[in-house]
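What follows is a set of notes on a single structure, which appears directly below.
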Amino acid sequence: MIKIYYMTGTGNSLKIAKDIGIKLGDHKLVSMPHLFNTDQDVFIEGDIIGFVIPVYFGRPPVFFQEFIRKAGFGKISYIFTVVNGGGLFGRTLDIVERLLKRKGQRVNAGFIIRMPGTHPYVPSIHGKRPGEHYKKEAVKTALIAEIVRNKQKYRERRPFRIIGSIFSFFAFDTPYDLSKKHSMDNHFWINDGCRNCGLCIKICPVNNIIQSRWKPEWQHRCINCLSCYHLCPSMGIELKYDWKMIDIITYEMLNFRYLHPDISLQELMHPES
């Protein structure tokens, strides 16, 4: 059995997971946040297991690290990981390997796919148009599926990954610390455009948002996926930072919103349907 576990906020990781799964044949996609949000114990085993995750602040998401630490593992023949993002990748693959090694598991193949950045300030420094990334993603996922199907060893390495890791450590130390405390949602606020439609409540994969009398309220279990910010139909959710590195970002840059064109809201809200 092939199982591909993924974490997504705006569809990039889900698109990658779907494309790899389709090319591999019989498979099952599993949303890690939705699984984690149930009362079920997380137990991972199978012939081929994949993990597809975004990169946050040059590292694996804090949520993914917590997911792996709490999960139980059975017999697995082959593990592959795919990390994606629009910024620095640092030593994300190395960190993922260490996490799984501590659980007695060995990563057989690791891949990197560059996708449109979803953090509001990333598009302002990103050179490529989304369509260019989508074309390369289709080619890359075909290559990944071939390697995984044959259970080959593969380790993608990027130049300057150590330098990138050092840079991201110092540049993103504050937001990463907030991620570990699950308090990134302190930086969300509601503008006059909010219609209290409730979509942010439905779209949050960890039920971190509740409906108050006047507006949505975050409950400080944030996993930093930014789905509520990006997918609000009225752009009623704003994101405001006061970190020194982010001070140069203009209000217009912070109005960037994104959803992968091949992923629907229904897929994000009900991944098992």
Side-chain angles (χ1 to χ4, degrees), residues 2-9 12-17 19-21 23-24 30 32-33 44 46 48-71 73 76-119 122 126 133 136-137 139-173 175-176 179-180 223-225:
I2 300 172
K3 291 183 181 179
I4 303 177
Y5 293 80
Y6 69 91
M7 173 185 175
T8 197
N12 282 344
S13 293
L14 176 53
K15 172 61 173 172
I16 292 170
D19 286 350
I20 294 172
K23 292 177 176 70
L24 286 174
V30 181
M32 287 182 280
I44 301 172
I48 295 176
I49 298 294
F51 296 101
V52 181
I53 61 170
V55 176
Y56 292 165
F57 311 119
R59 286 165 265 201
V62 168
F63 166 80
F64 174 75
Q65 298 181 49
E66 294 172 345
F67 179 88
I68 294 299
R69 290 189 188 110
K70 292 182 179 180
F73 286 82
I76 301 173
S77 299
Y78 184 92
I79 294 178
F80 71 95
T81 61
V82 183
V83 302
N84 73 94
L88 294 170
F89 293 98
R91 302 186 69 182
T92 302
L93 285 176
D94 298 327
I95 297 172
V96 172
E97 285 185 5
R98 289 200 299 269
L99 284 168
L100 287 163
K101 186 176 181 180
R102 292 187 189 120
K103 304 294 290 192
Q105 303 299 318
R106 180 180 64 181
V107 175
N108 302 97
F111 307 92
I112 295 172
I113 297 181
R114 191 169 288 280
M115 294 289 277
T118 60
H119 201 283
V122 171
H126 217 288
H133 291 294
K136 290 188 176 182
E137 182 267 344
V139 174
K140 189 66 173 284
T141 51
L143 171 65
I144 292 173
E146 185 66 20
I147 291 172
V148 171
R149 183 182 298 109
N150 295 317
K151 294 185 177 179
Q152 296 173 309
K153 292 183 179 179
Y154 186 91
R155 182 61 159 78
E156 187 160 349
R157 296 190 180 276
R158 291 257 174 169
F160 313 118
R161 71 184 188 281
I162 296 178
I163 295 176
S165 179
I166 294 172
F167 176 80
S168 63
F169 178 83
F170 288 103
F172 302 124
D173 184 53
Y176 185 71
S179 290
K180 290 192 291 186
I223 63 172
N224 197 34
C225 71

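As the structure is a prediction and not an experimental result, all values here were calculated from the model. Note that these values count all heavy atoms, side chains included, but never hydrogens, waters or copies made by symmetry.
In this structure, the side chains of Ile223 and Pro33 come closer than 4.5 Å at one or more pairs of heavy atoms. Using a 4.5 Å cut-off on side-chain heavy atoms (C-beta onward), Arg59 and Ile95 make contact. You'll find the side chain of Thr141 reaches within 4.5 Å of the side chain of Ile113, heavy atoms only. Side chains of Tyr6 and Ile16 form no contact here, defined as non-hydrogen atoms less than 4.5 Å apart. Side-chain contact check for Pro61 versus Asn224: every heavy-atom pair is 4.5 Å or farther apart. Between Asn12 and Pro54, the closest side-chain pair of non-hydrogen atoms is not below 4.5 Å. Annotation: side chain of Ile2 is not in contact with side chain of Val148 (no heavy-atom distance under 4.5 Å). Side-chain contact between Val62 and Tyr56 is absent, with no heavy atoms from C-beta onward closer than 4.5 Å.
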Next on the checklist: One pair to check against side chain to side chain contact (heavy atoms under 4.5 Å, CB included): Phe67 and Ile44. What are the steps and the verdict?
Outcome noted: CA-CA 11 Å; Phe67 179 88; Ile44 301 172; 3.8 Å; yes

Next on the checklist: Using salt bridge (charged side-chain N to carboxylate O under 4.0 Å, His left out), reason through Lys140 and Glu137 one step at a time and then give a plain yes or no.
Outcome noted: CA-CA 5 Å; Lys140 189 66 173 284; Glu137 182 267 344; over 6 Å; no

Next on the checklist: Set out, in order, the CA-CA distance, both residues' side-chain angles and the distance that settles salt bridge (charged side-chain N to carboxylate O under 4.0 Å, His left out) for Asp94 and Arg98, then state yes or no.
Outcome noted: CA-CA 6 Å; Asp94 298 327; Arg98 289 200 299 269; 5.6 Å; no

Next on the checklist: I'd like to know whether Phe73 forms a side chain to side chain contact (heavy atoms under 4.5 Å, CB included) with Ile49, so could you lay out the CA-CA distance, the side-chain angles of the two residues, the decisive distance to 0.1 Å, and finally the verdict.
Outcome noted: CA-CA 11 Å; Phe73 286 82; Ile49 298 294; 6.0 Å; no

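Side-chain atoms of Arg149 come within 3.5 Å of backbone atoms of Lys23 as a donor-acceptor pair (strictly under, hydrogens ignored). With hydrogens and angles ignored, the 3.5 Å screen pairs no side-chain donor or acceptor of Asn84 with any backbone N or O of Val55. Gln105 contributes no side-chain N or O that, together with a main-chain N or O of Leu100, makes up a donor-acceptor pair within less than 3.5 Å.
Using cut-offs of 30° and 60° for the angle between ring planes, the Phe51 and Phe64 rings count as perpendicular.
Every side chain to side chain contact (heavy atoms under 4.5 Å, CB included) that Asn108 has, sequence neighbours left out, goes to Tyr78, Ile79, Arg106. Here Glu97 pairs with Arg155 under the side chain to side chain donor-acceptor pair (under 3.5 Å) rule; sequence neighbours left out. Looking at residues two or more places apart in sequence or on another chain, you find no side chain to side chain donor-acceptor pair (under 3.5 Å) involving Gln152.
The two residues Ile53 and Ser13 have their closest heavy-atom pair at C-OG, 3.6 Å. What you find for Val96 and Pro60 is that their closest heavy atoms are CG2-CG, 3.9 Å.
Counting heavy atoms of neighbouring residues, nucleotides and ligands inside a 6.0 Å radius, atom NZ of Lys103 exceeds 12 of them. When the shell of 6.0 Å around NZ of Lys153 is examined, it contains 12 or fewer heavy atoms from other residues, nucleotides or ligands.
Rounded to the nearest 0.5 Å, atoms OH (Tyr5) and CE (Met32) are 9.5 Å apart. Atom CD1 of Ile112 is separated from atom OG1 of Thr92 by 7.5 Å, given to the nearest 0.5 angstrom. To the nearest 0.5 Å, atoms CG (Leu99) and CD1 (Ile68) are separated by 7.0 Å. The CZ atom of Phe111 sits 4.0 Å away from the CD1 atom of Ile147 when rounded to the nearest 0.5 Å.
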